[in-house]
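Numbering starts at 1 and runs along the sequence shown.
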Amino acid sequence: MPELSTILNGHPPQQGRAALPSVLIATRHGQSTANVEFQLAEAAGALSVPITCRDADIPLSMQGQAQAQAFGRWWAELPPADRPRAVWCSPYVRTAETARIAIAQAAGLGAVPVGLPVRYDERLRDRELGILEMLTAAAIEKRHPEEAARRRKMGELYYRPPGGESWSDVALRVRDCLRDLCAEEAGRPVLLVAHDTVVLMLRYVLERLTEERLVAFEPVRNCSASVWRSAHDRLRPECWNETDHLAGAVTVAD
């Protein structure tokens, strides 16, 4: 795929035309039970959250389920040519639940086939935080002050916690996943269901952002819609982190 490096790395085109999905839609999973627990813990200055399962096994909250239903309704209201018929998804429980609920809602409205298959890809998993996993900001400052200082100095793009990943590490696997996605879904609308850092790195890669622009963005919101459309051999941004489709259905939570 000689043109794919053009899309992902800014290299000049070599030959042929880029293989691209017609539309790429990305969403973060709905609110998870961990999102709720961390919001409560951060507000109280707590050092821990009552979560004992693996990060991969954290499910949606009831609000997250409602958000996924709202996203499915938004999906059903898209123009027919833009409605994804292919879904690529992180294998984590909260993303898998989001995809399943959204597909069921869209299918119930006659917008997509019942039982639309989902491709689970580990490259779309959440950022791994190593020794900082499941720790609140207050806990990191107290238990790992040297890491908190190093994180502030290096910034999120390059800071890699022991045993974990930096944003740049996530960007590398997003680039790799995009190569397969573009090759296999050329000419078709695609939905990608993942996590906040993955969606953010997707924008970083596709739009060739600088670190300064990247860190200025607000967090990716639960079940938000971000859309890129194929034009002139690139996937070009159409909307980012939009949540209007959630209004009136649920309270949006970051």
Side-chain angles (χ1 to χ4, degrees), residues 27-64 67 89-98 121-177 193-205 209-224 241 251-254:
T27 190
R28 180 190 178 189
H29 59 82
Q31 183 194 67
S32 70
T33 54
N35 292 153
V36 175
E37 294 296 347
F38 269 91
Q39 288 169 4
L40 294 173
E42 296 287 0
L47 299 181
S48 62
V49 291
I51 298 173
T52 57
C53 67
R54 300 183 306 167
D55 184 32
D57 297 330
I58 292 170
L60 295 179
S61 66
M62 291 185 66
Q63 179 172 320
Q67 289 172 330
C89 185
S90 159
Y92 283 18
V93 168
R94 55 192 179 274
T95 41
E97 287 183 341
T98 300
D121 195 304
E122 73 285 347
R123 292 170 294 184
L124 299 176
R125 70 188 185 277
D126 205 358
R127 176 190 182 187
E128 296 178 0
L129 288 173
I131 65 168
L132 305 186
E133 185 171 305
M134 296 300 168
L135 295 182
T136 65
I140 293 171
E141 291 287 349
K142 183 177 179 63
R143 299 174 187 172
H144 303 285
E146 70 291 345
E147 288 300 320
R150 192 164 69 90
R151 189 176 195 173
R152 286 190 291 269
K153 179 179 180 179
M154 297 188 67
E156 292 298 324
L157 184 59
Y158 299 115
Y159 170 71
R160 181 187 295 122
E165 297 177 294
S166 66
W167 281 3
S168 293
D169 293 326
V170 177
L172 289 173
R173 50 182 167 89
V174 167
R175 290 182 194 275
D176 191 63
C177 185
V193 184
H195 307 267
D196 51 354
T197 303
V198 174
V199 176
L200 185 61
M201 290 302 99
L202 184 65
R203 182 171 187 179
Y204 172 72
V205 169
L209 300 178
T210 63
E211 181 181 6
E212 182 179 21
R213 285 195 62 199
L214 177 67
V215 299
F217 290 130
E218 294 182 352
V220 178
R221 294 187 283 272
N222 297 117
C223 277
S224 59
N241 205 18
T251 302
V252 179
D254 288 342

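Side-chain atoms of Arg160 do not come within 3.5 Å of backbone N or O of Ser168 as any donor-acceptor pair. The main-chain N or O of Gln31 is found under 3.5 Å from a side-chain atom of Ser61 such that the two form a donor-acceptor pair. A distance-only check finds a donor-acceptor pair linking the side chain of Thr95 to the backbone of Ser90 [under 3.5 Å]. Looking only at distances, a side-chain donor or acceptor of Asn241 sits under 3.5 Å from a matching main-chain atom of Pro219. Listed for the Glu165 side chain is no donor-acceptor partner under 3.5 Å among the backbone atoms of Arg127. Of the possible polar contacts, none joining the Arg94 side chain to the Ser32 backbone as a donor-acceptor pair under 3.5 Å is found.
Scanning all heavy atoms of the two residues, the minimum distance from Met201 to Trp167 falls at SD-O, 3.3 Å. Taking each heavy atom of Asn222 and Gln67 in turn, the nearest pair found is CB-OE1, 3.5 Å. The two residues Val198 and Leu124 make their nearest non-hydrogen contact at CG2-O, 3.6 Å. Shortest non-hydrogen contact noted between Asp176 and Arg123 is OD2-NH1, 2.8 Å. Across all their heavy atoms, Leu209 and Arg213 have their closest contact at CD2-NH1, 3.2 Å.
Counting heavy atoms from C-beta outward, Tyr92 and Ile58 have side chains that stay 4.5 Å or more apart.
Applying side chain to side chain donor-acceptor pair (under 3.5 Å) to Glu147 and the options His144, Arg143, Arg150 leaves one that passes, Arg150.
Legend: salt bridge (charged side-chain N to carboxylate O under 4.0 Å, His left out) pairs involving residues 32-47, not counting sequence neighbours: none detected.
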